[in-house]
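Please read all numbers here as calculations on a predicted model, not as lab measurements.
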Amino acid sequence: MHNVVRNVERNRTSRARPRPPFECIALLLQGGGALGAYQAGVYQALAEADLHPDWVAGISIGAINSAIIAGNPIVERFAKLRAFWEGITVNPLFDWTATADRFAPKGDFARSFFNQMSAAWALVGGAPGFFNLRQPGPWLQPAGCLEATSFYETKLLKATLERLVDFDRINAGETRLTVGAVNVRTGNLVRFDNATLTIRPEHVMASGSLPPGFPAVEIEGEDYWDGGLISNTPLQWIFEHGRGQDTLAFQVDLWSARGEFPGNVSEVATRQKEIQYSSRTRACTSQFKRLQRIRTVLASLLEKLPDDLKASEEAKMLRSVADHKLYNIVHLIYRSKHYEGHSKDYEFSRLTMEDHWRAGYNDAVRTLRHQEVLERPSHLEGVFTFDLAHAARECNRRDRASVEQESRNCGLR
């Protein structure tokens with residue numbers, strides 16, 4: 001840890017590279033429970049490269065990571081992320097595996113057994129500073145009360161957020177923060193954005209209140225659940241609710257839509273989660289590319305209209321949706337290990353946390369070696385996407401002209 005702290009400090013004091021030619025750098029964080037340490041690793045790599053987001057948006061655990069990033073000065077963000085993830089993975093029964101390599105489980109079978117035991121411990125004992133088992137359980141609570149609707153309490157999380165996040169800084173608007181939750185009564189996805197309202201710990205907690213594990217969070221008379229129930233990725237927010245800026249977006253997904261056909265019931269549960277929570281990121285990206293091409297062509301067409309048509313009401317309406325803005329969408333997707341099963345999103349061991357963090361860091365470092373990721377798109381759509389797949393880790397990029405063809409070969413789109 002001391003080495004990575006020094007890396008962050010060194011890159012803070014000496015700029016690693018000029019700011020990319022985009023008006024906004026966005027960091028978009030998906031939900032996924034214990035897998036969220038992968039996002040923290042990605043942020044570490046971005047910070048070392050001096051790529052500090054202007055806008056962070058998240059769902060569930062992504063909302064917590066986003067709040068920690070937006071709610072601290074640049075020089076403290078890494079330390080606060082470490083404090084959060086080390087705090088919620090404190091477990092004397094399992095910590096020895098993270099500190100003594102000779103005792104660490106070797107091989108997929110041993111590691112799978114270890115992960116299952118760690119996840120079982122979380123089901124019973126919760127995660128320090130995050131959640132704990134409700135006592136007495138919901139079945140013994142009076143019907144109609146909040147305590148009867150969840151198996152765990154999240155009061156610990158509020159204290160953790162208040163300790164690690166400066167909400168005054170968030171609401172000062174230095175970094176834009178957006179988190180999503182679902183209104184239990186209406187079933188609609190609601191965005192809580194510091195550009196339009198005052199963010200409090202309850203807004204962040206609401207984004208991660210996945211039922212029936214966690215209770216709904218009340219905000220101004222309405223109850224909210226985890227935003228991942230409707231959409232587990234905030235990718236579309238920057239396009240629909242941004243300020244019309246050229247944007248470099250890092251979309252960090254914790255669930256991969258791609259996977260093998262399951263071989264047993266346990267693997268079925270794992271694959272179901274991956275499909276359910278991956279939220280069709282690629283489909284959303286493809287749809288946006290098509291719409292942005294229409295906006296770009298429309299903007300060019302409007303510029304060619306004669307003055308009398310430009311002044312028409314129809315042209316004015318079309319001008320409100322037309323633009324020449326450019327977008328780079330950089331996908332970073334966690335790829336589960338063979339030994340990780342359906343409990344991977346609630347397996348809070350320190351050993352696994354470090355694995356997830358390291359995976360996010362390494363994936364981001366590899367991605368940033370490809371300079372075209374930080375270059376402005378030059379084709380008609382005005383959108384370039386970079387998708388880090390297994391094959392892409394071995395692809396050598398040569399020049400911008402070969403990007404599209406190599407993307408098809410490497411799994412990049």
Report the C-alpha distance between His331 and Phe386 in whole Å, list the side-chain angles of each, state the deciding distance to 0.1 Å, and finish with yes or no for ring-ring contact (aromatic ring centres under 6.0 Å, His included). CA-CA 6 Å; His331 291 298; Phe386 190 100; 9.5 Å; no

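Residue pairs that meet the ring pair (Phe, Tyr, Trp, His ring centres under 6.0 Å) test with at least one member in residues 162-207, sequence neighbours left out, are Phe192-His203, Phe192-Tyr224. Judged as a ring pair (Phe, Tyr, Trp, His ring centres under 6.0 Å), the pairs with a partner in residues 263-289 (not counting sequence neighbours) are, in order, Phe239-Phe288, Trp255-Tyr277, Phe288-Tyr327. Applying the side-chain hydrogen bond (donor to acceptor under 3.5 Å, both in side chains) test to residues at least two apart or on different chains, the pairs with a partner in residues 60-69 are Gln39-Asn65, Ser60-Asp226, Asn65-Trp85.
Residues satisfying the side chain to side chain contact (heavy atoms under 4.5 Å, CB included) test with Val365, not counting sequence neighbours, are Ala45, Tyr361, Arg369. Residues that satisfy the side chain to side chain contact (heavy atoms under 4.5 Å, CB included) test with Asn132, not counting sequence neighbours, are Glu153, Leu156. For Val182, the side chain to side chain contact (heavy atoms under 4.5 Å, CB included) partners two or more places apart in sequence, or in a different chain, are Leu189, Leu229, Ile230.
The neighbour count for Glu76 CD, taken as heavy atoms of other residues, nucleotides or ligands under 6.0 Å away, is above 12.
In this structure, Val42 and Leu29 have side chains that are not in contact, with every pair of non-hydrogen atoms separated by 4.5 Å or more. For the pair Tyr43/Ile69, a side-chain contact is recorded, criterion being any heavy-atom separation below 4.5 Å from C-beta on. Taking 4.5 Å as the limit, some side-chain heavy atom of Phe250 sits within range of a side-chain heavy atom of Leu368.
Side-chain N or O atoms of Ser112 include none that pairs as donor or acceptor with a backbone N or O of Asp108 at under 3.5 Å.
For His356 and Tyr334, the gap between ring centers is short of 6.0 Å.
Phe131 and Phe214 have tilted rings, their planes meeting at an angle from 30° to 60° on a 0 to 90° scale.
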